[in-house]
Structures are given as C-alpha cells and as structure tokens.
Student: 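Take this structure, written in structure tokens, and hold onto it; I'll ask about it next.
A, B, ... follow the sequence lines: proteins, then strands. Residue 1 opens every chain.
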Amino acid sequence: MTEPFVRVEALPAKVGDTVTVNGWLYNARSGKGLYFLELRDGSGIVQVVVNEEQVGAEAFEAAGSLTQESAFRVVGEVKADDRQRGGVEVQAQSVEVLALAEPYPITPKDHGVEFLMDRRHLWLRSQRQWAAMRVRNRIITAIHAYFQGEGYIQMDAPILTGNAVEGTSTLFELDYFGEPAYLTQSGQLHGEAMAMAHGKIYTFGPTFRAEKSRTRRHLTEFWMIEPEMAFYDLAMNMEVAEELLVAILAAVTADCRDELETLGRDVGKLEAAMATPFPRLSYTEAVELLTGDATQTLLDAEQEGLEDEKHALETERDENRARYGQAKKGEKRRIDAREIAINVRLDEIAEGLRNIPSWKASARDFEWGSDFGASDETVLTRHFQTPVIVHRYPAAVKAFYMKRDPEDDRLALGMDVLAPEGYGEIVGGGERATDLQFLRDQVEAHGLPESAFDWYFDLRKYGSVPHAGFGLGLERTVAYVCGLSHVRETGPFPRLLGRLHP
RNA sequence: GGGUCAGUAGCUCAGUGGUAGAGCAUCCGGCUGUUAACCGGACGGUCGUAGGUUCAAAUCCUACCUGGCCCGCCA
C-alpha cells in the first residue's frame, strides 16, 4: 500500500523533502510568531515548527487552536536538527485541523494508577504505554519466528473446557447450554494431543484464572505460549526454553532500542541475561543455595546498599530544602518535583528494608519439600544475571501429569524458569508422564474425575512416547523485558480483580 | 483470605483542632527556537460516605466504600 502521507518513523530518510504528515497533538509550546507542535502519529513523535511569517495568518491561527490530542495534518519540509528526537523536525508550510479535541484528561504530568486504568483506552496513546506495546509486539513476533524456524506447528487449544485441568486453580465457570463449563486455565493437555499429531506444536492464546490475587504479577486473563514436543525429555525441554528466551531478548535488544530507552530500561541487564547456558539448579541445589551463607551475605549487602542510598537521598533532600527559600519560582518547582521523586524512592527503600529481614528468615528456614514463595524466587535469582532454571521439584507441589524422576521417586521432572530482577516464574513445564496406570492413579489421588480424562488417557493407549513442554507467561515476560513494575501495563486492556472496563 | 498505607480542585499533592492551599490542566495576555518551555492573570472545592466527640473537624473516634503495596495462590 502506497500511502499519500509519510509516517514519522520514515522522516529521517526524507530530509529536504516536502511531505504530508497526519497525527495528533501530543504537546505544544509557543513563542511570539512561533508554535512548536509535537505531532504523534503512532509510529513516533516529531516536532512541527509553525512560523507565522511562513504559513500565513490562517494556518498560524489553526496551529494555535489545536488542543492536546486534536487531529491535524501538516505539509512541510523535513529538516535535520540534532536537538530533536530522531534528528529531524518538520518546518510547516500549511496546517489543517482535522478534529479539535475536547480537554484531554491525561496531561504530560503525573497521574495515579486508578485514574489511568479508568482511561486505559486513552492511556495507550502515552509514550511509555506505546513503547511497552511495541516491545510486546516484538516479543510475540520473536516467539512465532523462533518456533516456526524450528519446525513447530502453531495450533490453538480450546478456550471453553468441560473440566478443571489440574484441579488446583480457581476457574471462571460458565453455563454452556445447561452444562457447566470453564474458561481454560491451560492448553497443556490438548497441546499433548496435538503434539502426538504433529510432533512439535505450540499454542498461543488466552488463559484464565479466577484467583483473587492482587499483586504485580497477576492477571485474571493472560496469554500463554505452550510448546509441546514428542520425543523430548526434560533436558531438551530446558534447552528449548533457554533458546526461546534468548531469541526474545536478542530480538528486543536489537530492534527496540528507542522503546527501551523510553521505558528507562537498563539494556545492559538484558544483554547480560542472554549469556548461555542459563544456570540449571535442581530443586535440592536451589534449596541449598537458598538456605546457605551466600544468600544471607547477599541480602546483607543489599540491605547495606539500600541504607547507603537512603542516606544519600535524605542528604540531597535536606540540601534542597535549605536552598528552597532563596530559590526562584522555576527552581522551586524543580525542587518540589525532586522531593516527590525522592519520597517515592524512599518509600520503596523503606519497603525493601522492611522486607529483607523476612526474606532472610524465609530463605534460611526454608524446608525441603515446600514450594518456593515469591521472595524465595527473588532471592534465588539475585545470585545470577541470567534467568535461572530450577528442575526436579518434589512431586507433591507439581501437577499430576508430571513424569517422576527415575532416580528419585519423590521428585517430578518439572522445571521452572525464574526471570532476573525479581520478576519471578515466567516459564513452568516439564516432562510428561507416559504410563497409563500411573496417570490413572494420579488422577484418583488428586481427586479428579476420571471420566473427564478419558481422551487424555487415549494418548497413552495409542503410541505413548516421551514428551515434554512448558508454558511461557507472555505478560510476565513483557514486564521483565520492559522493566515494568506491574503486569497491568503489559497488555492493551488488562483484566484484573475489580477491573473489567474499559 | 490476611497485613498495611491512602482517599482534599479535572490531575498530582501540601495542609494533623481555629478564614480551603500550591503546581499542572483549561481560558486570557506576554515572549521569534521551545524541549514536561517560561512569565503574568483568571477560573476551579459536598476535603470518599454515614455517624460520633468538640464552642469549633479536612484534621480526633467508629463503621462502611474504593484503591495502592505486600503475603498466600499462580504464569
């Protein structure tokens, strides 16, 4: 499609040309006889300079009438200017108003979470949200590219199911023409069936959990990518997860530099996270690391670091306050803004300092056989710069369909990948049980209705083979890659407890 | 489900028992290169809701509602 206008992202290649650009007003500044309009068109933002002497009274007035988020069209010359983002600006020759916006609620200033979430449909236009959605898109395309390049077939698991898959999570229940039905919590079991048909498959779709979890890591609706591979064992499964994550990190660090900068993401940390192989710790080794001296030392150092930062910030705040009286108005505003930023960080530090003693206690007192808590996962990953793979968990804390470790029947051949920087579990999976009688016993032991699994048992009756797979949580992955503090900013319209609109 | 913090102008917040405040947004004016521009002015309030204490409540007490963060559960 040849477009009759130029998109902002293409402007750097058009220096010297006269072009048409369409967009919305992101922000504006003015001087006598001058308007500086930040035009946002979805591909980027460019500054449009409107000079009264060059455009005439009518167009100049049109530029002055534009309110934030008004739609407008500009014809002008693309000029190189090092001071601008992207290195270009547009010197307007004409300005046409397409739609004047009513007063726009989201200003280029601070807003609270609730206010922004109520206006998510508009918030998506803001820079950070825009950048996060672009990274999400790049992650999605990287995932497809990886699997397609490796010969996987993408297949969809059903969203409506007649039974609770693992019997653990709380599901959303529906009325399916008089029968009880549920929104899927995992495509896992159907994925296994599809892998027996195609060898290597992956699902890519929504999953649902009705748990009343209110944390930075939880959504009630989220997207999961679930590869399933026939003739793969646990070690091969871990290798797939590692390759997939490296492919994602490589794609984003290569193609989303501007977005990561907008998000304030430390790209060095993402690059460091690509070093392979990722550590592979057995659950037992992880428990030893968690309960050992190294973890206590690490947390002591973190506590010291936080205390040093706290003192530095308090000193800066006191110095700012001391010169506040003599400061001019603009300087006072900057001091006020800085004070707010300092207080936010001090609150975070105070929370960290409150948490560390309980983290230390939780780590030190951890007992073999339990599942890791959120703080234990965070503490484990603090020892490494890359994601960490933990495998061979106690069977009791894993799903019924996991294969047992032939070396130790207490263990299941499950594996989790923990993301760095406290982002927690982004991958969970393992090698699946192949023995029909074992699965029947497990279903019974877990109190699940055997009739619901008749088709699943068939997979073991007709050519049962070793196979493995895992689920990758898309939103947690996006949060980690973007450095977002909450998964609510990882998708366009996140569904959380108490959040169904917009 | 548990813990904890908060709710004051459209937004972000200050005000902790005695006249309801600031910055931003909006509107008006100034400035010929601004970068969350800047400067001057105007506009803007049922202090979450309901009770209570007090001469007097945004401020103290009780209940409820809504939200943030943390834990549990999970990807």
Side-chain angles (χ1 to χ4, degrees), chain A residues 26-38 45 47-54 67-68 81 83-85 89 91 102-119 127 166 168-170 185-186 188 206-226 328-330 332-337 339-340 343-344 347-348 350-352 354-355 358-359 362 371-377 397 399 416-419 423-429 470-480 485-488 490 496-499:
Chain A
Y26 193 68
N27 198 9
R29 292 169 290 276
S30 67
K32 185 172 168 63
L34 277 175
Y35 283 112
F36 301 96
L37 310 174
E38 284 188 55
I45 291 181
Q47 173 165 284
V48 175
V49 182
V50 185
N51 187 318
E52 188 169 20
E53 290 170 2
Q54 291 173 24
T67 52
Q68 192 186 355
D81 188 323
R83 292 167 295 185
Q84 307 309 328
R85 206 175 352 190
E89 65 181 16
Q91 191 75 40
E102 294 179 25
Y104 190 68
I106 303 176
T107 64
K109 301 282 174 181
D110 289 336
H111 300 284
V113 169
E114 192 183 2
F115 179 84
L116 291 169
M117 286 300 289
D118 283 343
R119 293 157 184 80
Q127 281 292 279
E166 296 168 22
T168 50
S169 307
T170 318
Q185 60 159 337
S186 165
Q188 154 73 41
T207 47
F208 307 86
R209 305 282 164 90
E211 281 144 4
K212 293 188 174 174
S213 296
R214 268 198 137 103
T215 82
R216 63 177 63 192
R217 298 184 303 279
H218 285 84
L219 296 166
T220 52
E221 173 186 287
F222 62 97
W223 291 67
M224 195 149 66
I225 294 90
E226 296 182 280
K328 290 183 177 170
K329 197 173 174 185
K332 277 183 175 163
R333 280 190 43 221
R334 274 189 287 278
I335 292 173
D336 287 342
E339 169 123 8
I340 289 170
N343 287 340
V344 167
D347 283 350
E348 288 171 6
E351 193 186 315
R354 264 198 312 277
N355 283 338
S358 62
W359 288 12
S362 171
D371 205 353
F372 297 122
S375 77
D376 302 320
E377 288 183 352
V397 302
D416 287 350
V417 181
L418 309 179
Y423 282 93
E425 185 182 345
I426 53 172
V427 165
F470 59 84
L472 171 75
L474 179 64
E475 284 74 14
R476 284 189 183 175
T477 303
V478 174
Y480 158 57
S485 61
H486 197 296
V487 288
R488 66 177 154 236
T490 61
L496 306 105
L497 192 58
R499 173 63 59 188

Student: Could you tell me which residues satisfy salt bridge (Lys or Arg N to Asp or Glu O under 4.0 Å) with A/Arg499, sequence neighbours excluded, listed by chain and number?
Tutor: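 Partners of A/Arg499 by the salt bridge (Lys or Arg N to Asp or Glu O under 4.0 Å) criterion, ordered by chain and then number, come out as A/Asp118.
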Student: Given B/rA37, is OP1 or OP2 found less than 4.0 Å from the side-chain N or O atoms of A/Asn27?
Tutor: yes
Student: How close do A/Ser485 and A/Tyr423 get, counting heavy atoms only, and between which atoms?
Tutor: N-OH, 4.5 Å
Student: Does the B/rC73 base have a donor-acceptor partner in the side chain of A/Ser213 within less than 3.5 Å?
Tutor: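 By the distance-only test, yes, there is a pair.
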Student: Give one of base, sugar-phosphate or nothing for A/Gly33, where a contact means two heavy atoms less than 4.0 Å apart.
Tutor: nothing
Student: Tell me what A/Thr477 touches on the nucleic acid: a base, only sugar-phosphate, or nothing, going by heavy atoms under 4.0 Å.
Tutor: nothing
Student: When you measure from the side chain of A/Arg476 to the backbone of A/Val487, do you find a donor-acceptor pair of N or O atoms at a distance under 3.5 Å?
Tutor: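 No, the answer is negative, given that no donor and acceptor are paired below the 3.5 Å cut-off.
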Student: Base, sugar-phosphate, or nothing: which does A/Val427 touch, judged by heavy atoms less than 4.0 Å apart?
Tutor: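 If one applies the 4.0 Å heavy-atom cut-off, A/Val427 turns out to touch the sugar-phosphate alone, with no base involved.
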Student: What nucleic acid atoms does A/Glu52 come within less than 4.0 Å of, heavy atoms only: base, sugar-phosphate, or nothing?
Tutor: nothing
Student: Scan every strand shown for a Watson-Crick or G-U wobble partner of B/rU62, both distances under 3.5 Å, and answer none if you come up empty.
Tutor: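 When the pairing criteria are applied, B/rA50 turns out to be the nucleotide that pairs with B/rU62.
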Student: Can you tell me how far P of B/rC38 sits from CZ of A/Phe36, to the nearest Å?
Tutor: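 Result: 14 Å.
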Student: Given the structure, check if the side chain of A/Glu89 and the base of B/rU35 hold any donor-acceptor pair shorter than 3.5 Å.
Tutor: no
Student: Working note: A/His486 + A/Leu496, criterion side-chain contact (heavy atoms from CB on, under 4.5 Å); need CA distance, chi angles, decisive distance, verdict.
Tutor: CA-CA 11 Å; A/His486 197 296; A/Leu496 306 105; 3.6 Å; yes
Student: Taking the same atom, P, in B/rA58 and in B/rG68, what whole-Å distance lies between them?
Tutor: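 Nearest-Å result for B/rA58 against B/rG68 at atom P: 28 Å.
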Student: Could you go over nucleotides 64-68 of chain B and give all protein N or O partners under 3.5 Å, atom names and distances?
Tutor:
| residue | atom | partner | partner atom | Å |
| --- | --- | --- | --- | --- |
| B/rU66 | O2' | A/Glu114 | OE2 | 3.4 |
| B/rG68 | OP2 | A/Arg214 | NE | 3.1 |
| B/rG68 | OP2 | A/Arg214 | NH2 | 3.2 |

Student: Distance between the P atoms of B/rC47 and B/rA42, in whole angstroms?
Tutor: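 Rounded to whole Å, the distance is 24 Å.
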Student: Determine the interatomic distance between C1' on B/rC24 and the same-named atom on B/rA63; round to the nearest Å.
Tutor: 36 Å
Student: If you pin A/Gly373 and A/Asn51 to their nearest nucleotides in RNA chain B, which one's is more 5'?
Tutor: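 Closer to the 5' end of RNA chain B: A/Asn51.
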Student: Under a 3.5 Å cut-off for both distances, is B/rG67 Watson-Crick or wobble paired, and to whom?
Tutor: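 Base partner found: B/rC5.
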Student: Please name the pair of heavy atoms, one in A/Glu377 and one in A/Phe372, separated by the smallest distance, quoted to 0.1 Å.
Tutor: CG-CB, 4.1 Å
Student: Judged by each residue's nearest nucleotide on RNA chain B, which is more toward the 5′ side, A/Glu38 or A/His218?
Tutor: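 Its nucleotide being nearer the 5' end, the pick is A/Glu38.
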Student: What's the CD-C1' distance between A/Gln127 and B/rA36, to the nearest Å?
Tutor: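 It works out to 12 Å between those atoms.
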Student: Classify the nucleic acid contact of A/Glu475 as base, sugar-phosphate or nothing, counting any heavy atom under 4.0 Å across all strands shown.
Tutor: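 Here A/Glu475 touches no strand at all.
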Student: Just call it for A/Arg85: base, sugar-phosphate, or nothing, with non-hydrogen atoms closer than 4.0 Å on any strand.
Tutor: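 Since no nucleic acid heavy atom lies under 4.0 Å of A/Arg85, the category is nothing.
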Student: Under the 3.5 angstrom rule, does the side chain of A/Ser30 hit a backbone N or O of A/Tyr35 as a donor-acceptor pair?
Tutor: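 Pair absent, no side-chain N/O of A/Ser30 close to backbone of A/Tyr35.
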Student: Between A/Gln127 and A/Ile45, is there a side-chain heavy-atom distance shorter than 4.5 Å?
Tutor: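 Yes, close enough: below the 4.5 Å cut-off.
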Student: With the six-membered base ring of B/rA75 as reference, does the ring of A/Phe222 sit under 5.5 Å away with planes under 30° apart?
Tutor: yes
Student: Is A/Arg216 close enough to B/rC70 that one of its side-chain N or O atoms is under 4.0 Å from OP1 or OP2 there?
Tutor: yes
Student: Can you tell which of B/rG72, B/rG33, B/rC11 lies closest to the side chain of A/His111?
Tutor: B/rC11
Student: Rounding to a whole Å, what distance do you find between A/Gln54:CD and B/rG33:P?
Tutor: 13 Å
Student: Considering Watson-Crick and G-U wobble pairs with both distances under 3.5 Å, what does B/rG72 pair with?
Tutor: none
Student: Using nucleotides 5-10 of chain B, report all nitrogen or oxygen pairs with the protein that are shorter than 3.5 Å.
Tutor:
none

Student: Please give the distance between the C1' atoms of B/rC64 and B/rA56 as a whole number of Å.
Tutor: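 Each nucleotide's C1' atom is 26 Å from the other's.
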Student: Between the main-chain N or O of A/Ser358 and the side-chain N or O of A/Ser362, is there a donor-acceptor pair closer than 3.5 Å?
Tutor: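 Such a contact is absent between A/Ser362 side chain and A/Ser358 backbone.
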Student: Could you state the CD-P distance from A/Gln68 to B/rU35, rounded to the nearest angstrom?
Tutor: 17 Å
Student: Tell me: CG of A/Asn355 to C1' of B/rU4, nearest whole Å?
Tutor: 12 Å
Student: Rounded to whole Å, please give me the gap between CZ in A/Phe470 and P in B/rA75.
Tutor: 14 Å
Student: Heavy atoms under 4.0 Å, any strand shown: does A/Gln47 hit a base, just sugar-phosphate, or nothing?
Tutor: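 Counting heavy atoms under 4.0 Å across all strands, the contact made by A/Gln47 includes a base.
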Student: Send over the distance from A/Asp110 CG to B/rC24 C1', rounded to a whole Å.
Tutor: 10 Å
Student: What are the two closest non-hydrogen atoms of A/Met224 and A/Gln185, and how far apart are they?
Tutor: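 Closest approach of A/Met224 to A/Gln185, heavy atoms only: CE-O, 3.9 Å.
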Student: Pairing check on B/rU19: which nucleotide meets the Watson-Crick or G-U wobble criteria with it, both distances under 3.5 Å?
Tutor: none
Student: Could you walk me through whether A/Glu38 and A/Arg29 pass the side-chain contact (heavy atoms from CB on, under 4.5 Å) test, one step at a time?
Tutor: CA-CA 9 Å; A/Glu38 284 188 55; A/Arg29 292 169 290 276; 3.0 Å; yes
Student: What does B/rG10 pair with, Watson-Crick or G-U, if both distances are under 3.5 Å?
Tutor: B/rC24
Student: Have a look at A/Glu102 and say if it touches a base, only the backbone sugar-phosphate, or nothing, with a 4.0 Å heavy-atom cut-off.
Tutor: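 No contact at all - A/Glu102 keeps every heavy atom at 4.0 Å or more from the nucleic acid.
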Student: Rounding to an integer number of angstrom, what distance separates B/rG23 and B/rC38 when you compare their C1' atoms?
Tutor: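 Their C1' atoms lie roughly 14 Å apart.
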Student: Do the side-chain N and O atoms of A/Thr107 and A/Gln68 include a donor-acceptor pair separated by under 3.5 angstrom?
Tutor: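 Side-chain D/A pair, A/Thr107 to A/Gln68: absent.
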Student: If you compare all heavy atoms of A/Gly429 against all heavy atoms of A/Asp416, which two are closest, and at what distance to 0.1 Å?
Tutor: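 The answer is N-OD1, 4.2 Å.
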Student: Keeping the roles fixed (side chain from A/Ser213, backbone from A/Thr215), state whether a donor-acceptor pair exists under 3.5 Å.
Tutor: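 A pair under 3.5 Å: no.
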Student: What distance, rounded to whole Å, do you find between the two C1' atoms, one in B/rA6 and one in B/rG15?
Tutor: 16 Å
Student: NA contact type, A/Ser358, heavy-atom cut-off 4.0 Å: base, sugar-phosphate, or nothing?
Tutor: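 Nothing, no heavy atom under 4.0 Å.
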Student: Identify which nucleotide among B/rU35, B/rG1, B/rC73 has an atom closest to any side-chain atom of A/Glu211, counting heavy atoms from C-beta outward.
Tutor: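 For A/Glu211, the side-chain atoms sit closest to B/rC73.
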Student: Which part of the nucleic acid, if any, lies within contact of A/Leu474, taking any heavy atom under 4.0 Å across all strands shown: a base, the sugar-phosphate backbone alone, or nothing?
Tutor: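 Since no nucleic acid heavy atom lies under 4.0 Å of A/Leu474, the category is nothing.
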Student: Tell me: CZ of A/Arg217 to P of B/rG72, nearest whole Å?
Tutor: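 Result: 7 Å.
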Student: Using the C1' atom on both, measure B/rC13 against B/rC28 and round to a whole Å.
Tutor: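 These two C1' atoms come out 26 Å apart once rounded.
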Student: C1' atom, B/rA22 versus B/rU35: distance in rounded Å?
Tutor: 25 Å
Student: Strictly below 4.0 Å: does A/Arg29 bring a side-chain N or O up to OP1 or OP2 of B/rA37?
Tutor: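 Indeed, a polar side-chain atom of A/Arg29 lies that close.
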Student: Who does B/rG29 pair with, Watson-Crick or G-U, both distances under 3.5 Å?
Tutor: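 When the pairing criteria are applied, B/rC39 turns out to be the nucleotide that pairs with B/rG29.
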Student: Applying side-chain contact (heavy atoms from CB on, under 4.5 Å), run through A/Phe222 and A/Thr207 and close with a yes or a no.
Tutor: CA-CA 5 Å; A/Phe222 62 97; A/Thr207 47; 3.2 Å; yes
